[in-house]
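One structure is given below, encoded as structure tokens.
All values reported here derive from a predicted model rather than from experimental measurement. Remember, it's 1-based here, ligands and their atoms both numbered in the order they're listed.
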Amino acid sequence: MTAEPLPHDELRPSSSSAVTVLFLHAFPFDRRMWRGQLGALAALEREVRAVAVDLRGFGAASSLPRVTPPSIDALAADVERTLDALGLERPIVVGLSMGGYVALALARRAQAKLGGLVLADTRAGADSEAARQGRAANVERARAGGGAAVFAAMRPNVFAHGAQPEVVDQLAAIAADQRAEGVIAALEAMRDRPDATPWLASLALPTTVVVGAEDALTPPSEAELLARAIPGARLVTIPGAGHLSNVENAPAFDEALRAAIERAG
Ligand code: MLT
């Protein structure tokens, strides 16, 4: 019996020789944060099969049961089942922030099934004690007001100076759609994630590390550490962007993505 894939949007090429890209969203959002990238890939001359999934607990995957205890590895297992169910051939996995944690966990459990990585605005390290305390405060916020309340607390640190109000509103609307249960499970999973740093040296996939120049949550200094620890990784800094670099400066992000596709494929 084939497992059910995660809910997803898909860009389908007409040729079977297309390169494949899989998008993993940040917290507390869903697959809609990648709409711009799906549009940009559709406009490329090169044929691309692209899939953007909702991770368990978010978007249309909010009805999936909670895994106990929640873990980033369990989210990666869902994604691995999705690769198999959809027949995604060695995709370039693009993960932003929480999506990057899941991408690293996926690479750790199924590196041979992947064709490359784009790790955006993310880190390999585990939560610090201060970050763990911040998770507890966000669990309380989520209980009181779901994704909207968590986003409201994150918002001052998420965007670059001068971010476009329509971009901020678009992300606020996606966050407001997320249910408390899924948001809390993700907070617990992120809080308890292991330090992936010791394993990075064994990563043998073409990897691009992307970071918003004004990312205050996973700053460029973190991205440099990540890129240095992964053999052969390239680092791309996105000007005029904070933590959500794919929506804050989509043209520059799309260019980095296009280069990563050329490199991997
Ligand atoms: C995200 O954008 O996914 C979050 O900032 C990740 C985190 O809270 O560690």
Numbered atoms and elements of ligand 1 in range of Tyr101, under 4.0 angstrom, heavy atoms: 6 (C), 7 (C), 9 (O)

Heavy-atom side-chain contact between Ser245 and Leu96 under 4.5 Å: yes

Considering only heavy atoms, does Arg135 approach ligand 1 within less than 4.0 Å through its side chain, its backbone, both, or neither? side chain

Quick one: does ligand 1 sit under 4.0 Å from the side chain of Met190, the backbone, both or neither, non-hydrogen atoms only? side chain

Nearest heavy atoms of Arg49 and Gly87, plus distance in Å: NH1-O, 3.5 Å

Atoms in ligand 1 with a heavy atom of Phe27 nearer than 4.0 Å: 1 (C), 2 (O), 3 (O)

Per-atom contacts, ligand 1 versus Ser97 - under 4.0 Å to a heavy atom: 1 (C), 2 (O), 3 (O), 4 (C), 5 (O), 6 (C)

Hey, does Arg123 sit under 4.0 Å from ligand 1 if you only count heavy atoms? no

So, Arg12 and Glu10, do they make that salt bridge, N to O below 4.0 Å? yes

4.0 Å heavy-atom contact, Phe29 with ligand 1: no

Is Glu188 salt-bridged to Arg191, going by a charged N under 4.0 Å from an acidic O? no

Salt bridge check: are Arg32 and Asp54 linked by an N-O gap of less than 4.0 Å? no

Should the pair Arg81-Asp84 be classified as a salt bridge under the 4.0 Å nitrogen-to-oxygen rule? no

Please state whether the rings of Phe159 and Phe151 are parallel, tilted or perpendicular, taking 30° and 60° as the class boundaries. perpendicular

Under 3.5 Å between some N or O of ligand 1 and some N or O of Gly99? no

Considering only heavy atoms of Ala26, which atoms of ligand 1 have at least one such atom less than 4.0 Å away? 2 (O), 3 (O)

